Amino acid sequence: MHLALYNSNETYKAIIHTHSFYTTLLSYNNHSHIDTPYMKLKNEKLKYIDYFPPGSKELFSAVENSLEENNDTYILEKHGIICAKDTLLSAFGTIEEIEYGAKLSFLLTEKNKTGPLT
């Protein structure tokens with residue numbers, strides 16, 4: 001999976017794949033998009049990849065077949081997130097921004113279901 005990303009763009013020098021809590025939580029909810037204004041500006045092309053078992057050839061194929069030009073970040077349904085950038089710091093920053101947006105989206109969704117968060 002990592003190798004497919006490295007091979008898709010020569011500028012990618014660092015990849016982070018993580019199972020961050022809120023991003024993974026949202027990925028269970030029918031591809032709920034991280035819907036905050038900031039995230040729309042930063043990650044307009046955030047791509048979601050359907051679920052396949054971790055480590056499976058099907059997952060690797062799904063990632064490889066989903067690669068798009070100028071898209072470096074993918075949310076894996078019921079799994080986590082993978083991001084490719086030119087530096088580890090840049091990849092980490094993107095992952096951190098998405099996780100923050102996912103947390104905010106989740107909390108706002110929960111607020112709409114149950115009333116004001118306390």
Side-chain angles (χ1 to χ4, degrees):
M1 189 167 61
H2 298 162
L3 189 56
L5 275 165
Y6 279 127
N7 289 336
S8 72
N9 187 318
E10 65 185 31
T11 66
Y12 296 159
K13 304 295 184 208
I15 293 175
I16 295 178
H17 168 64
T18 184
H19 309 119
S20 51
F21 183 80
Y22 286 101
T23 304
T24 302
L25 187 64
L26 279 182
S27 78
Y28 272 80
N29 192 15
N30 296 323
H31 298 278
S32 290
H33 292 275
I34 300 169
D35 191 22
T36 64
Y38 181 71
M39 290 307 297
K40 286 180 181 178
L41 289 172
K42 289 293 286 181
N43 292 290
E44 220 173 89
K45 291 185 173 186
L46 189 60
K47 180 131 180 157
Y48 289 75
I49 296 175
D50 290 333
Y51 176 78
F52 293 96
S56 68
K57 289 181 182 181
E58 294 85 4
L59 176 60
F60 301 147
S61 292
V63 170
E64 192 169 44
N65 293 332
S66 297
L67 296 177
E68 295 178 347
E69 189 175 336
N70 299 322
N71 192 9
D72 54 23
T73 307
Y74 301 84
I75 292 180
L76 311 172
E77 183 181 8
K78 300 178 184 175
H79 186 122
I81 187 169
I82 189 166
C83 177
K85 294 283 189 178
D86 58 338
T87 67
L88 277 173
L89 188 57
S90 181
F92 180 81
T94 296
I95 295 281
E96 186 176 45
E97 288 173 1
I98 291 169
E99 179 67 3
Y100 177 80
K103 180 179 181 180
L104 184 58
S105 290
F106 176 78
L107 292 174
L108 289 170
T109 301
E110 289 303 301
K111 176 186 176 284
N112 289 334
K113 288 180 187 175
T114 61
L117 293 175
T118 56

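Not measured: the values here are computed from a predicted model. Scope of the values below: all heavy atoms of this structure, side chains included, with no hydrogens, waters or symmetry mates.
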To the nearest 0.5 Å, how far apart are [atom1] in [X] and [atom2] in [Y]?
X     : Y     : atom1 : atom2 : answer
Tyr74 : Ile81 : OH    : CD1   : 11.5 Å
Tyr28 : Glu77 : OH    : CD    : 9.0 Å
Cys83 : Ile98 : SG    : CD1   : 6.5 Å
Tyr48 : Leu76 : OH    : CG    : 11.0 Å

Do the side chain of Ser105 and the main chain of Ala102 share a donor and acceptor less than 3.5 angstrom apart? no
Sort out for me which residue in Ile95, Thr24, Thr23 forms a side-chain contact (heavy atoms from CB on, under 4.5 Å) with Thr18.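 Exactly one pass, corresponding to Ile95.
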With sequence neighbours left out, write down each residue that passes side chain to side chain contact (heavy atoms under 4.5 Å, CB included) with [X], or none if nothing qualifies.
X     : value
Phe92 : Ile16, Glu96
Glu64 : Ala4
Lys13 : none
Ser61 : Asn65

Contacts of Asn9 that satisfy side-chain hydrogen bond (donor to acceptor under 3.5 Å, both in side chains) - sequence neighbours left out: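 Counting only residues at least two positions away or on another chain, Asn9 forms a side-chain hydrogen bond (donor to acceptor under 3.5 Å, both in side chains) with Thr11.
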Sequence neighbours excluded, which residues qualify as side-chain hydrogen bond (donor to acceptor under 3.5 Å, both in side chains) partners of His19? His17, His79
Qualifying ring pair (Phe, Tyr, Trp, His ring centres under 6.0 Å) pairs with a residue from residues 52-72, counting only residues at least two apart or across chains: none
When you look at Ile82 and His2, which way does the side chain to side chain contact (heavy atoms under 4.5 Å, CB included) test go after all the steps? CA-CA 8 Å; Ile82 189 166; His2 298 162; 3.2 Å; yes
Can you sort out the partners of Tyr22 under ring pair (Phe, Tyr, Trp, His ring centres under 6.0 Å), two or more places apart, ordered by chain and number?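 Counting only residues at least two positions away or on another chain, Tyr22 forms a ring pair (Phe, Tyr, Trp, His ring centres under 6.0 Å) with Phe106.
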In terms of heavy-atom contacts, Asn71 and Tyr12 come closest through O-OH, 3.4 Å
Ala14 and Ala91: which non-hydrogen atoms are nearest, and at how many Å?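 For Ala14 versus Ala91, the nearest heavy atoms are O-CB, 4.5 Å.
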